[in-house]
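So that the names make sense, note that chain A is the first sequence line, chain B the second, and so on, each numbered from 1.
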There are 2 protein chains.
Amino acid sequence: MIMPYAKPQQDRIQRLRAFCLEHKRMPAYSEMLNLFGYRSKNAVYRFMQKLEAAGYVRRAAPRKFAPTGRLTGSIRLLGTVQAGFPSPAEEELVDVLSLDEFLVQRPEATYMLTVSGDSMIDAGIHPGDIVLVERGGLTRNGDIVVAQVDGEWTIKYFSKRGRIVRLEPANKAYQPIVPRHSLVIGGIVKAVIRKYR
Amino acid sequence: MIMPYAKPQQDRIQRLRAFCLEHKRMPAYSEMLNLFGYRSKNAVYRFMQKLEAAGYVRRAAPRKFAPTGRLTGSIRLLGTVQAGFPSPAEEELVDVLSLDEFLVQRPEATYMLTVSGDSMIDAGIHPGDIVLVERGGLTRNGDIVVAQVDGEWTIKYFSKRGRIVRLEPANKAYQPIVPRHSLVIGGIVKAVIRKYR
DNA sequence: CTTGCGAGTGAACGAACGTTCACTATAGTG
DNA sequence: CACTATAGTGAACGTTCGTTCACTCGCAAG
């Protein structure tokens with residue numbers, strides 16, 4: 001074997017990842033003794049230094065570690081379906097990221113809404129889908145927005161030509177809306193999520 | 001005012017939430033002094049006891065706290081669009097959850113794939129969408145699966161009648177596939193995510 | 001006025017923590 | 001062989017942590 005110690009290290013990283021995901025915190029060195037199978041805290045100390053160099057953890061403060069997205073990001077991102085699908089045996093680290101960090105830029109301004117109605121179905125937004133809405137961003141033509149027009153909330157494409165704002169559905173059965181009295185942009189749709197089962 | 005102390009407490013919870021989201025760890029009591037505006041660690045101690053009683057944090061070990069989903073779940077879930085959209089002024093806590101916890105049941109068995117091809121477009125799965133795939137679950141009729149059939153990977157509806165497995169597209173331009181030689185189920189599609197911008 | 005309660009201050013304490021030092025064992029290299 | 005690097009052990013050290021105790025202040029109820 002070329003790298004006889006790569007396996008145990010990957011295993012320890014996996015254990016640390018599991019611990020962080022389950023307990024939502026870093027284990028103390030004394031807990032890592034059991035977790036990693038060491039009997040000396042110095043071994044833990046040096047292992048954590050390697051993890052820091054490898055980007056799995058970072059120093060949050062003196063004497064304190066915090067996990068990075070590399071460690072606690074829960075989902076592995078692979079290529080496209082046609083590009084191939086690694087076998088469970090390979091199981092190599094491609095990239096790991098957290099859905100929260102992947103989808104949400106400003107958590108304090110982001111909301112989830114369940115969609116009802118089929119006015120955006122041609123854009124692949126079905127009834128029952130969940131949209132991630134971010135308040136307060138800059139609205140541009142072509143954005144999908146949650147808007148209150150003349151007192152009623154809808155999801156539509158945003159389109160502004162000159163001073164005329166049009167809210168366009170993605171369904172030929174509906175007509176574009178031109179606000180008569182009031183228009184409030186509740187937020188921009190940043191993502192659509194459909195959950196099965 | 002009936003509850004003169006509700007506001008500062010909500011503000012402190014917000015600060016704690018922000019700290020946990022930013023640093024991915026609990027602050028120490030000494031850090032909470034600045035964070036909460038206290039000058040005594042005892043005040044911090046008693047405040048944390050209230051947070052524990054209120055379900056924002058839990059004891060991970062003696063002398064250690066861990067945040068609950070109530071605290072660090074980043075996204076607020078609201079009702080349907082038509083059901084109304086709370087104004088930014090209200091800003092009341094409806095429910096808070098983490099996208100990771102919401103979408104992923106078994107993180108170690110879940111992968112993300114980017115979709116190419118339009119064979120599932122009538123199911124609202126477009127090219128460029130991201131699918132969350134969970135390995136190893138029990139496949140049932142009607143599930144959307146990632147499958148390797150005769151050497152090639154695709155996404156299709158899973159359908160089994162007797163011993164005959166059919167992989168059905170959601171696009172009339174394509175034909176159902178009946179595996180000739182081999183069929184490998186790579187996983188079940190648990191969610192579809194489309195990200196804008 | 002007194003009593004009681006909630007909220008905060010400030011000091012003190014023991015335990016646990018992360019870090020460091022000295023040392024051992026094994027394997028690879030020239 | 002000697003030399004070096006890697007991985008780990010075990011003990012010790014000073015710091016910081018969470019917790020506890022005693023006390024103060026303001027306010028509302030009896």
Side-chain angles (χ1 to χ4, degrees), chain A residues 1-20 22-68 70-72, chain B residues 1-20 22-68 70-72:
Chain A
M1 281 286 260
I2 302 176
M3 300 173 62
Y5 291 103
K7 275 292 179 186
Q9 286 202 5
Q10 283 299 318
D11 188 46
R12 291 191 177 113
I13 293 174
Q14 198 63 37
R15 287 163 190 245
L16 183 59
R17 170 178 293 136
F19 187 100
C20 290
E22 181 185 350
H23 296 91
K24 294 258 180 70
R25 66 180 177 91
M26 270 280 165
Y29 280 21
S30 54
E31 292 170 301
M32 294 186 199
L33 288 181
N34 304 321
L35 198 64
F36 294 153
Y38 289 133
R39 267 186 292 180
S40 167
K41 284 207 285 183
N42 186 22
V44 176
Y45 174 69
R46 294 223 278 270
F47 182 65
M48 290 303 284
Q49 282 189 320
K50 291 201 173 184
L51 287 195
E52 185 189 1
Y56 287 102
V57 299
R58 63 186 167 79
R59 293 213 101 87
R63 307 161 56 93
K64 276 192 187 305
F65 284 104
T68 64
R70 182 100 170 266
L71 182 69
T72 52
Chain B
M1 281 288 258
I2 301 176
M3 299 173 63
Y5 290 103
K7 275 292 177 186
Q9 288 202 5
Q10 282 299 318
D11 187 46
R12 290 192 177 112
I13 293 174
Q14 198 63 39
R15 287 163 191 246
L16 183 59
R17 170 178 293 137
F19 188 100
C20 290
E22 181 184 350
H23 296 92
K24 294 260 180 69
R25 65 181 176 91
M26 269 281 166
Y29 279 22
S30 54
E31 293 171 300
M32 294 187 200
L33 288 181
N34 305 321
L35 198 63
F36 294 154
Y38 288 133
R39 266 187 292 180
S40 167
K41 285 206 286 184
N42 187 21
V44 176
Y45 175 68
R46 294 223 279 270
F47 182 65
M48 290 302 285
Q49 282 189 320
K50 292 200 171 184
L51 287 195
E52 185 189 3
Y56 287 102
V57 299
R58 62 187 168 79
R59 292 213 100 87
R63 305 163 55 91
K64 277 191 187 304
F65 284 104
T68 63
R70 182 101 170 266
L71 182 69
T72 52

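- For the pair Arg59(B) and Phe65(B), the cation-pi criterion (under 6.0 Å, within 45° of the ring axis) is fulfilled.
- Between the CG atom of Leu51(A) and the P atom of dA7(D) there is a distance of 13 Å, rounded to whole Å.
- Atoms CG (Leu33(A)) and C1' (dG8(D)) sit 12 Å apart, rounded to a whole Å.
- Arg25(A) places no side-chain N or O within donor-acceptor distance of the main-chain N or O of Ala66(B), the cut-off being under 3.5 Å.
- Atoms CZ (Phe65(A)) and C1' (dT16(D)) sit 16 Å apart, rounded to a whole Å.
- When distances are taken from the side chain of Tyr38(A) to each of dG8(D), dG10(D), dG8(C), the shortest belongs to dG8(D).
- The structure places CG of Asn42(B) at 9.5 Å from OH of Tyr29(B), a figure rounded to the nearest 0.5 Å.
- Nearest nucleotide to the Tyr45(B) side chain, out of dA7(C), dT9(D), dT20(D): dT20(D).
- Looking at heavy-atom distances under 4.0 Å, Lys41(B) makes contact with a base.
- Contacts of residues 25-32 of chain B with DNA chain D (heavy atom under 4.0 Å): Ala28(B), Tyr29(B), Ser30(B).
- You'll find that the side chain of Arg12(A) is closest to dG8(D), out of dT19(D), dG8(D), dC21(C).
- At whole-Å resolution of the value, CE in Met48(B) and P in dG18(D) are 9 Å apart.
- Closest contact between the side chain of Arg63(A) and the listed nucleotides dT16(D), dG10(D), dT19(D) involves dT16(D).
- A donor N or O paired with an acceptor N or O is found under 3.5 Å between the base of dG8(D) and the side-chain atoms of Arg46(A).
- Comparing dG8(C), dG10(D), dT20(D) by their closest approach to the side chain of Ser40(A) singles out dG10(D).
- Residues forming a salt bridge (Lys or Arg N to Asp or Glu O under 4.0 Å) with Arg15(A) (at least two apart in sequence, or on another chain): Asp11(A).
- A salt bridge does not link Glu31(A) with Lys64(B): every distance from a Lys NZ or Arg NE/NH1/NH2 to an Asp or Glu carboxylate oxygen is 4.0 Å or more.
- The separation between Phe47(A) atom CZ and dG8(D) atom C1' is 13 Å, rounded to whole Å.
- Summarising the geometry, the separation between CG on Asn42(B) and P on dT24(D) is reported as 15 Å, rounded to the nearest angstrom.
- There is no side-chain donor-acceptor pair under 3.5 Å between Tyr38(B) and Arg46(B).
- Taking the six-membered ring where tryptophan is involved, the planes of Phe36(A) and Phe47(A) are perpendicular, since the angle between them exceeds 60° and thus also 30°.
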